[in-house]
Amino acid sequence: MPRLPRLSLALMAPLCLMLLYLMLVVAEYWYEKSETQQQVAQNQLAQVRNQMFRLQHIVSDAMAVQDVERISQEVSLAATDLDLMVLVLVDPASNIRYANHLVWQGSRASQVIDGYDVLRHQQTVTADKPWVEINPQRLSIQAYYPLSHKGIPRYGDINLIYLEYDLSGAYGRAIGQLEQRFMQIWGGGAVFIILFLIVFHFVCVRPLRQLLGLARRGEPEALARTVDFASTELARLQEYLYQNESRLQRSQKQLRDAEQRWLFAVEGSQTGIWDWQLASDELFLSDRWKLMLGFAPGEIGTEYGAWERLLHPDDKAQVLEKLQSYLNGKSDVYESRHRMRHRQGHYIWVLDRGMVVEWQPDGRPARLIGSQRDVSEDVRNQQAIAHQANHDALTNLANRRAVMDALFEFQQASSAAMARTGALLLIDLDNFKLINDALGHHHGDRLLIQVAARLSGFFTDNALVARLGGDEFAIMVLDLAKDSATAAHQAQQLGSELRQLLARTFNLADQQINVSASVGICLFDNQHPLEASQLLKRADMAMYAAKDSGRNGCALYTDELEGKATENLWLQNELRHAIERNQLSLVFQPIYNQAGELVCCEALCRWYHPERGPISPARFIPAAEDCGLVVSIGHWVLLEVCRTIKSMAARGTPMPAVAVNISARHFNQSDFVERLIALLKAHDVSPSQIELELTEYALLSNLSVISERMQRLRALGFSIAIDDFGTGYSSLSYLQSLPLSRLKLDAAFVAKIGTEAGDAIVRAIVEMAHSLTLQVVAEGVESRSQHQHLQWLGCEFYQGYLLGKPMSATLLVSPDTDNPVDMPA
C-alpha cells in the first residue's frame, strides 16, 4: 500500500489555521449577506405597503369625485422614485389607464409589462384582498391592490393598482457596505493570525523538532536532556518515550499471566472449566467441574481418559466424533450436549464448549480450554414440553398429533420397501356424556383414565394407543397379515377383544358402571399411501357405522360408508328444518290387555320428506341423537300428544293413555319435569293420560337424581316404563329403587320365542318383573304362537302388528276399536 506524503507541522498548522479562518469569514460573510438582503427586502416591502395603501385611498377618493387630474399627479409624483419600475392602474380587461411611463397608457398590461400576471390580477380582484410578495428571480417587489368590491369595480372602470419595485439598487448599496466592513475585519484578523503563528512556531514547532532529533539518535540518555522552550506536555511526552520499553515489557508479562489465570476468574460461577494439553494428554478440571458431578477436588485424575470414562455409553461416540471433527478443522466450534455420569451413579445433562488456544509449530492444535455447564433442568423442561405436545394431559396417552405423525411416517415408507399393513381402530364410548353429566366431569375423567389404563395395558408393543379427545381413543396397529382379507379379520377380531375388555365393570364413585364401546376400523398399507387425515376420517366413518348398527359394535371401513356419511349429513341438515316445515307427524300403535281391551297406545314419530318420501325412524332417530336434535323432537312429540289428547276429547272420543318415548338426553335435562308439567297444564291434560318410556341408557346417570325425578313424576300421576328392557347395561339392582310401572320386553326377545334360549330369557324377565310388582308389556308380537306363549307366561299387555299397526288418532279411537279385539286363541 503506497504511503501518503506527510506534511510538517510547521506547514500544516498555518495552512489549517488560515483555512479555518477563511471558512469562518466566508461563512459569516454569506450569512450576513443573506440577513442584510432579507432586512433590506422587508424594509422596502413595508415602504411599498405604506405607499400602496396611501395611493389606494387617494385613487379611491379621486375616483369618487371624478378628479382624474389628481390621479395623474399622484402617479407622476410616485414615478420620481428611481427604484420604482412599474406603477399602473388597469381596468378589468387589463388595459392600462394610468402609468408612470406615459407610453404604456392605453396599452394592454400583459403585452408591455413583463412581471404582470393576468391570472393574479383576477384572483386579487375576486378575493378583494391585496397581494404583495418579493420576487427573488426579478429582484423586485410586486404588488396587486384591488379597487373593487367582490369583483365589481367601485370607481369607474379601474379595478387594480399594479406596482413593481426594484430591489437591486438597495441590495447593491447594502452589500457594498457589508463588503467594506468585512475587508477591515479580514485585514485585522490576518495580522492577528500571523502573530499567533510566530508564537506557535517558537513554543510548539521548534521544541517538537528538537525532541524528534533526540529520539532519532536512539540514545536513551539523550531523551533526558532539556528541550528549549518545552511545555509541560512536551516534557511529559519525553518522559513517556523514555519509559516506553519497560512498560511494554511489563504489559506483555501481565497478558501472559492473564491468559494462564483466566479460568480462575469464573471458578465462583456455575460453570466448570477444563484445560487439555493434547501432547501430554494432561487434563485440568476445575473444582466447580468436579463438584458438578459430585466429586471432591482430588477424586478425578488428570489424564484425558478420566473424562472419557464418565461419558454416557449412548452419547460417547457422538461426543468424540464432534471433538475430533473440531480438531481436524471440519467444524468451526466444539459444542456438545450430552450426559455425564454422576458420582452417585445417575447421569446429568451438560453443555460442553471448547476452543483451541495454542497451536504446535506444524499447525496442529496443542491446547484446548473449555467450559461445562449443568443443563439437566433445561433438558427436562424441553422433554416435558415435547411430551405435552404429543401426549394427552389427562391420560398420558399419545394425542391426535402423535397419531397423525405416526401415520404420516408410516405412509412415507418407500413403495420399494417391504410391504406392511396396519389398522387404525377408533373407539368411542357409548353414552359417555350421560355419565359425565350425571356424575360430574371429575368422575368422567376418572373413567377415561381407567379406560386408558386398560387399553395401554392390553398392548405390549407394535401398537400406538392414543386419546383423540373427549371419549374417543385411537389405536394404531402395524404388521398385520399382508393379505387384505386376513388383515381385516385380524383387525375385527382385535376390535371385538377391545369391546369385551371395555365391557367389564368399572368401579367409579362407589358404583359399578358398565359402558359399551363402538369401534371403527380402517386398514392401510405403505403400498397405497393416503393422507393421515383421510385415514382418520375413514376410521371415524366406520365408528359411526358401528353406532348406527345399535352401538356396542365393530365396523370395518368400506367405500359404501362414504355415501352413507353423505346421507347422514343430509339427514341431519334436513332434520333441522323438519319441525318448522311441518314434515313430522304422529301415529299411535295400540296396546291391549289379556282381555283384548285397548288400555294404552304408543306415540310413534314419522317423517315424510317432500322429495324423499317417508323416512324410517330407524334412520332419522339415530341421526337426531348424534346432532343433538333428539331433545327438540322429543319436546315436539310431547306437544303434539297433548294437542291430540285435547282435540280428541273435544270431539267426544277420548284417547287412552299415551306412551311417549323419552330419550336419555331429554330426560336428564335439569328442567325436564318443570317443562313437562307446564306443557300439560297449558293443554289441560292429566298426567294419568301420559306414560313415559325410558331406555336403560337413561339409568346410567346419577341414580339418586334419577330416582328423585321419577318419584316426583309418579307423585304427579305419571306412569313410567322401561323401554327395550334387556338391551342395556345398567345394573338390575337399580329396578328395586326406581318407582316404575311397567317393563317393556324388547321385540328382539319376543322374536326368539320358540327357541330354548329365547323362552328361558323371556320367562326370566317376566318372573323378575312380577317379583318386583311390575307389569310386563311385550313388544313386537307378530304371531299367534308368540302371543299364546306370552299369555302362558302371564304377560299383562301386548303390542305388535298381530294386534294392530300404527295408525292415526282418529282410527285408534273409532267405534271399531272401542270393543275388545278378537284375541288369538
Of all heavy-atom pairs between Ala423 and Ala491, which one has the smallest distance, and what is that distance?
CB-CB, 4.0 Å
Locate the shortest heavy-atom distance separating Ile348 from Ser376; write the atom from each residue and the value.
CB-OG, 3.4 Å
Could you grab the distance from atom CD of Gln372 to atom OG1 of Thr271, nearest 0.5 Å is fine?
10.0 Å
Checking the side chain of Tyr557 only, and the main-chain atoms of Leu535 only, is there a donor and an acceptor separated by less than 3.5 Å?
no
May I ask you to decide if Leu536's main-chain N or O and Asp540's side chain share a donor-acceptor pair within less than 3.5 Å?
no
Could you walk me through whether Met292 and Met340 satisfy the side-chain contact (heavy atoms from CB on, under 4.5 Å) test, starting with their C-alpha distance in whole Å, then the side-chain angles of each, then the deciding distance to 0.1 Å, before giving a yes or no?
CA-CA 10 Å; Met292 192 181 302; Met340 300 286 290; over 6 Å; no
Pairing residues for Arg364 by the salt bridge (Lys or Arg N to Asp or Glu O under 4.0 Å) criterion, not counting sequence neighbours
Asp362
Can you give me every donor-acceptor pair (side chain of residues 294-305, partner residue at least two apart or in another chain, under 3.5 Å) with its distance?
residue: Glu299; atom: OE1; partner: Arg343; partner atom: NE; Å: 2.9
residue: Glu299; atom: OE1; partner: Arg343; partner atom: NH2; Å: 3.2
residue: Glu299; atom: OE2; partner: Ala296; partner atom: N; Å: 2.6
residue: Glu299; atom: OE2; partner: Arg343; partner atom: NE; Å: 3.4
residue: Glu303; atom: OE2; partner: Arg309; partner atom: NH2; Å: 3.1
residue: Tyr304; atom: OH; partner: Glu308; partner atom: OE1; Å: 3.0

Side chain to side chain donor-acceptor pair (under 3.5 Å) involving Asp314 - partner list, sequence neighbours excluded:
none
Between Ser518 and Asp430, do the side chains contain an N or O donor and an N or O acceptor separated by less than 3.5 Å?
yes
On the six-membered ring of Phe524, is Arg538 placed so that its NZ or CZ lies under 6.0 angstrom from the centre and within 45° of the ring axis?
no
Asp352-Tyr334 side chain donor-acceptor pair, cut-off 3.5 Å:
yes
Least distance between heavy atoms, Arg665 atom then Gln669 atom
O-CG, 3.5 Å
Test side-chain contact (heavy atoms from CB on, under 4.5 Å) on Asp445 and His442; report intermediate values, then the result.
CA-CA 5 Å; Asp445 291 344; His442 173 69; 5.7 Å; no
Any donor-acceptor N/O pair, Asn328 side chain to Lys330 backbone, under 3.5 Å
no
If we ignore hydrogens and angles and just use 3.5 Å, is the side chain of Gln490 paired with the main-chain N or O of Ala481 as donor and acceptor?
yes
Measure the CG-CG distance between Asp428 and Asp471 for me, rounded to the nearest 0.5 Å.
4.0 Å
Rounded at 0.5 Å granularity, tell me how far CE in Met404 sits from CZ in Phe408.
10.0 Å
Any donor-acceptor N or O pair under 3.5 Å, side chains Asp378, Trp349
no
Any donor-acceptor pair under 3.5 Å from Ser496 side chain to Gln492 backbone
yes
Is a side-chain donor or acceptor of Gln318 paired with a backbone partner of Ser336 at a separation under 3.5 angstrom?
no
Hey, mind stepping through Ile427 and Leu455 against side-chain contact (heavy atoms from CB on, under 4.5 Å) and telling me if it holds?
CA-CA 10 Å; Ile427 303 172; Leu455 292 176; 4.1 Å; yes
Are any non-hydrogen side-chain atoms of Val451 and Phe432 less than 4.5 angstrom apart?
no
With sequence neighbours excluded, tell me which residues meet salt bridge (Lys or Arg N to Asp or Glu O under 4.0 Å) with Arg400.
none
Side-chain heavy atoms of Leu323 within contact of Val319, under 4.5 Å
no
Verdict with reasoning, Ile369 to Met355, per side-chain contact (heavy atoms from CB on, under 4.5 Å)
CA-CA 6 Å; Ile369 294 181; Met355 63 179 296; 5.6 Å; no
State, without any angle test, whether Thr421 and Asp525 hold a side-chain donor-acceptor pair at a distance under 3.5 Å.
no
If I compare all heavy atoms of Phe620 with all of Leu575, which pair ends up nearest, and what's the gap?
O-CD2, 3.6 Å
Do side-chain atoms of Arg337 reach the backbone of Val379 as a donor and acceptor pair under 3.5 angstrom?
no
Within-4.5 Å side-chain heavy-atom neighbours: Arg446 and Phe506
no
Any side-chain heavy-atom pair from Thr486 and His489 closer than 4.5 angstrom?
no
Separation of Leu426 CG from Tyr544 OH (nearest 0.5 Å):
9.0 Å
Heavy-atom distance under 4.5 Å between the side chains of Pro313 and Tyr347, does that happen here?
yes
Roughly how far, to the nearest 0.5 Å, is CG of Leu464 from CG of Leu424?
9.5 Å
Which residues satisfy the salt bridge (Lys or Arg N to Asp or Glu O under 4.0 Å) test with Glu625, sequence neighbours excluded?
Arg551
Do Leu523 and Leu480 have side-chain heavy atoms sitting under 4.5 Å apart?
yes
From CG (Leu498) to CD (Gln493), nearest 0.5 Å
11.0 Å
Side chain to side chain donor-acceptor pair (under 3.5 Å) filter on Asp392, not counting sequence neighbours, yields Thr395, Arg467
Would the number of heavy atoms belonging to other residues, nucleotides or ligands and lying under 6.0 Å from CD of Gln360 be above 12?
yes
Distance-minimising heavy-atom pair for Leu327 and Pro365:
O-CG, 3.8 Å
Of all heavy-atom pairs linking Gly553 and Ala546, the shortest is O-CB, 3.6 Å
Find out whether Arg367 and Asp275 are in side-chain contact, i.e. whether some heavy atom of one side chain is under 4.5 Å from a heavy atom of the other.
yes
Taking side chain as C-beta onward, heavy atoms only, is Glu335 less than 4.5 Å from Leu351?
yes
